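Written below as C-alpha cells is the structure these notes are about.
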Amino acid sequence: MGPECAKLSIFFIVSWLCNGVRSNSVEQKIYVLLNNTVPCVRLLNATHQIGCQSSISGDTGVIHVLEVESDLDWVLSSGPNPPYMVVMEAHLFNRTTMTRMKGSLRVAGVAVVIPKVGPPQGFSPHNSCPNEGSGVYSSSYGPELAGCNTTVWNPLGNGLSYEDFSFPIFSLREDNETEVIRKCFREHNVAVNGSTPQYPLCAMQLFSHMHAVTNTATCMRRNDIQTSFGIRPEMVCDALSDYNVWGSVVPLNNTAKGHQEIQSVVIAAAQLDGRSFFWDVAPAGEGSITGFVTLLAAAHALSTVPEPERNILYTFFQGETFDYIGSSRMVYDMEKGTFVIDLENIHSLLEIGQVGLRSGSRLWLHSDPVSRRNSTVDSEVGKFVKNLKTEADGFSFSFAEPDITQPLPPSSFQRFLRARPIPGLVLTDHQSAFNNRYYESLYDNAEYLNVTYPPSLTAEEQLEHVTETAMALAEVATVVARALYRQADGDVAQLSNISADPKIVTQMLYGFLVQTNNSWFRALLSPEVQNILGPHPPQYYVGVSNSPVNTPTRLVQYILANLIGTPRNLTQEQCQNPEGVEGESKELYSYYWVQGPVPPNSTQGEAYCVRASVRLTKAYSPAFELQDYSSQNYSTWTESRWKLIRARIFLVASRELELMTLGVGVAVLLTSLLVTYFVSTKADLLFSSSREPASAAY
Amino acid sequence: MNLERVPNDEKLNLCRKYYLGGFAFLPFLWLVNVVWFFREAFVKPTYTEQLQIKAYVKRSALGLLLWVAVLTTWITIFQHFRAQWGEVADYLSFTIPLGIP
C-alpha cells in the first residue's frame, strides 16, 4: 500500500506541475502584455473625483484605431461589435472627442499614442485657471481679480486632467508595441469592401480599478474605518505629499523654531513639481525645471561672496500643482511656530516661475495689486523691482512690469499673501497668459525647451555641452543672484563677483531633463542614494505620502547642499554624527556624505563630507493634519489606491462561439457524471471477477 | 443525532430547547427546529407529545418568517440607500466595497 501511495502522490505532483507550466504558456499564447503603458488614475479632493477607472475585472473591447475624427462614428454608432477600445493618435485627444466618448456606453476604454513632440498649436490638459480656488484672490481679497477674471493664465488648458472618466485611459509610447497593436487591428478588425469584420477580432483589455471614490472625506473616512474595524485593513487612498527643500545663506538653527529675534530673511522660491493627464509622468520642463534650476544656479553664484546683512532663504516647494501643498504647509508651519523662522522674519520674497521661454527680450515681474494699495508694501515692492532692473543692465534681457491691475499668476507667493501682505515679486517669462503651450502636459519636455544635443556627442560630452537654453538661464540666474544680494543688503562692491556658471546650469538641465544617471549627479549624491539615478529624467508628479522622498526632491536637496555648502575634513562616521567635533554643529548644518567626482584614469571617486544649511520639511497638506477633509483653505488632494494596472491585447471569439464552447463543456461534464453514476451503481457486475487478483499483485 | 432512536419525551425536550433558544436572537435555531422536527410534527403517526412538538415547530416557523421578512426589508433598504446615506452607511458597514460610492 505504501509504495502505491507514494507513486500516486508523485504522479499528482508531476501532473500538477505540468499543468501549472502549461497554463502559463497558454496565457502567453493568448495574451500579448503591453509593458510601455501609463494609466490615468483617480485623484480626489474635497468635492470631486477626477481621473479614470476600469471595472474590477478589467474592461475589454474590440480595438478601433482612430486616425481622423470621423472614425469616431464607427465607434459611437455604426460599428457592429461594441464595446470598442479606442486607440487614438495624440492629436485627437482633445475635449471634443473625449466628451463625445464620455457619454457613450459603446466605449470600453481609450489608449492614446503619445509622440515625443507635442502638437504645434499647443496642448494643455490642465485648467485654464490653475489653482483657482486655493490662491489668494477670493471674494474677500481682490474680488474683481478672483477666478482669472482679468487674465486667463492658461488659455490652452482644456481641463481634461480634471474630468472624471468612467472608463480606463492609458497612454502608449510610439514604439514596437504600438506597431503590434496597429498590425493586429489591420489584420483582424478592418472590414474589407464595406463588409463587417469577421471574428476572431483583435481586442484590448485594460485594468485600472480604483479603490477610492466620491471625494477625500469619503476615502479618508473609509481608511479610518478599515484600520480601526477591518479584519484585513484595505486602505483606499493616500494624501498627495512629499518634502519641501530649503537652504539658507546664513545657517539657521534647526532646533530653535518660531520667531527669530535678529533674522530678516529674503525668500527666494521655486516650485518642484508638475503633472500631466497620466499618472506619474510629468516632465514639467518649462513648468518647473526652468524655475528651480535658475534658483539653484543663483544660490550657487551667491555662495562665493561674503554673507549679506540679511539672510537669504531658498525654498523649493513640492505639490504646488495640487493647490499649493508645499507652500501652504510652510506658511502653516510658520504660523504655528514650527519652522525655523516665522512670517514676521520675512523681509521680502522673490519667486522664480516659468522663465525658459522668453518671447522677445523681456522678463516680467509680477506683483500683487491688492497688497500694493498699502503704501509701505508698495514702496518695498518698488525698491525690489528697482534692484532687479538695475542688475539687468548690460544683459541681453530687461525686466518689465505688467499692468498694475493684473493679479499675480499662479504662484506659491499667493499662499504667503493669504497670511500676510509680504512685499514680493514673481519672475516669469510671460506678461499675461503663459508662453508655455504645453503647461502641465506630457510635451513640456527637453525637446520643447530646446535642450537638444548634436547627435555625434557621447553622454559625457552632452553633459558638458552648454546649450543656448542653459546660457539664457544662467544669465537670468546671475541677475537674480545679484538682485537678491542687493535686496539682502550685501556689499555692493561684491556684486560683480556674483555670476552663475552656465556649465552648472547645462549640467542641471541635462540631469533634470535628459537623464539623471550622469557623472555630475553621481558625484554630488551620497553612495546610498545612487540607486535613484536612471537613464531617463525623473518624474515630477508629487506622489503619495507612504512612498520615500521623491527623486526630484532628493536631487535638489543634494545639489543645493553641494552648491551652497562647504566640504569638511571629516571621516564618514564623523559626517554621519558630527556631535562633539570641534567647529561642527548638527543644529546649524546638515551633513552630507557625497561620492565625489571620479578623476580621469580612475573608476572610483573619493567620497567626502559636505556641510550645508539645507534641510527637508514635510510638504503634507495641513488639511490632513487638521483632519479637515473638506477644507476650503488647504489642499485636500488624495490619490486612490489600486491593485492591478495592466494592459494586454488578444484575439476574441464571437459571443456565439464562446457560448457554444461553454455549452459543450457543461454537456461533457454532465455526461461524465451520469456515466460515473451508472458505473458505480453497477460496479459489482462490472468489476466483480477481475478486481481481486489485480489488487493482490501489489 | 438520529431522531429515530430518541424517546418521545426527549424529542419534546429538544424541540422546546431549540424553540426557546431561538428567542436569543438566533433565528437559525428556529430554522433548524423547523427542518429537523417537521417530520415528527406533521408526518409521523400521532403520539402523545406530538401536539406540543407541532406547536413549537409552528411557532418556530412563524418566528423564522418574521426574521426573514425583517432582514430582507432591511437589507433591501440598506443596499438601495447605502450610497445615498454616505457617512452613516459607511459606519453601518462591515465590509466597504471598493471603487463604488
Side-chain angles (χ1 to χ4, degrees), chain A residues 39-44 46-59 164-168 206-238 627-630 638-645, chain B residues 1-6 18 21-40 42-44 60 63-101:
Chain A
C40 141
V41 304
R42 178 173 287 165
L43 302 179
L44 309 102
T47 50
H48 287 79
Q49 62 177 31
I50 60 166
C52 324
Q53 94 158 344
S54 76
S55 65
I56 198 156
S57 49
D59 285 349
D164 181 41
F165 294 96
S166 53
F167 48 76
L206 301 178
F207 296 84
S208 65
H209 181 253
M210 297 291 138
H211 290 182
V213 77
T214 314
N215 55 34
T216 292
T218 305
C219 82
M220 292 307 283
R221 180 176 70 234
R222 290 182 178 183
N223 276 350
D224 284 350
I225 294 174
Q226 292 278 333
T227 44
S228 42
F229 303 118
I231 303 166
R232 212 156 42 90
E234 187 136 38
M235 304 285 273
V236 292
C237 68
D238 301 284
Q627 305 207 336
D628 178 10
Y629 303 127
S630 29
T638 46
E639 180 190 279
S640 171
R641 288 206 184 177
W642 59 82
K643 280 207 188 71
L644 180 68
I645 297 279
Chain B
M1 193 178 346
N2 191 347
L3 282 183
E4 302 295 327
R5 294 177 198 168
V6 180
Y18 270 74
F23 281 106
F25 303 102
L26 297 168
F28 271 92
L29 281 190
W30 284 338
L31 175 69
V32 171
N33 211 11
V34 170
V35 173
W36 204 15
F37 283 99
F38 188 80
R39 278 168 164 278
E40 293 293 328
F42 299 104
V43 183
K44 286 274 174 71
S60 296
L64 179 67
L65 274 179
L66 198 75
W67 268 99
V68 168
V70 169
L71 283 180
T72 321
T73 321
W74 167 244
I75 290 167
T76 317
I77 292 173
F78 181 70
Q79 290 301 336
H80 194 261
F81 290 102
R82 194 180 55 77
Q84 216 171 310
W85 290 346
E87 187 168 350
V88 180
D90 275 359
Y91 284 112
L92 287 176
S93 300
F94 184 67
T95 48
I96 298 171
L98 297 173
I100 54 172

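Residue numbers start from 1 in every chain, and the chains themselves are labelled A, B, ... in the order their sequence lines are given, proteins ahead of strands. Note that the structure is predicted; figures quoted are calculated from it, not measured.
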In terms of heavy-atom proximity below 4.5 Å to chain A, should B/Tyr91 be classed as side chain, backbone, both, or neither? both
Heavy-atom donor-acceptor pair, A/Ser640 side chain to A/His211 backbone, under 3.5 Å: yes
Should the pair B/Trp85 and B/Phe81 be assigned to parallel (<30°), tilted (30 to 60°) or perpendicular (>60°) ring geometry? parallel
Measuring heavy-atom distances to chain B, does A/Gln226 have an atom under 4.5 Å in its side chain, in its backbone, in both, or in neither? side chain
Could you look at A/Arg641 and say if it's the side chain, the backbone, both or neither that has a heavy atom under 4.5 Å from chain B? neither
Identify the heavy atoms of B/Asp90 and A/Arg221 that sit nearest to each other, and give their distance. OD2-NH2, 2.9 Å
When rounded to the nearest 0.5 Å, the distance separating OG of A/Ser57 from CG of A/Leu644 is 11.0 Å
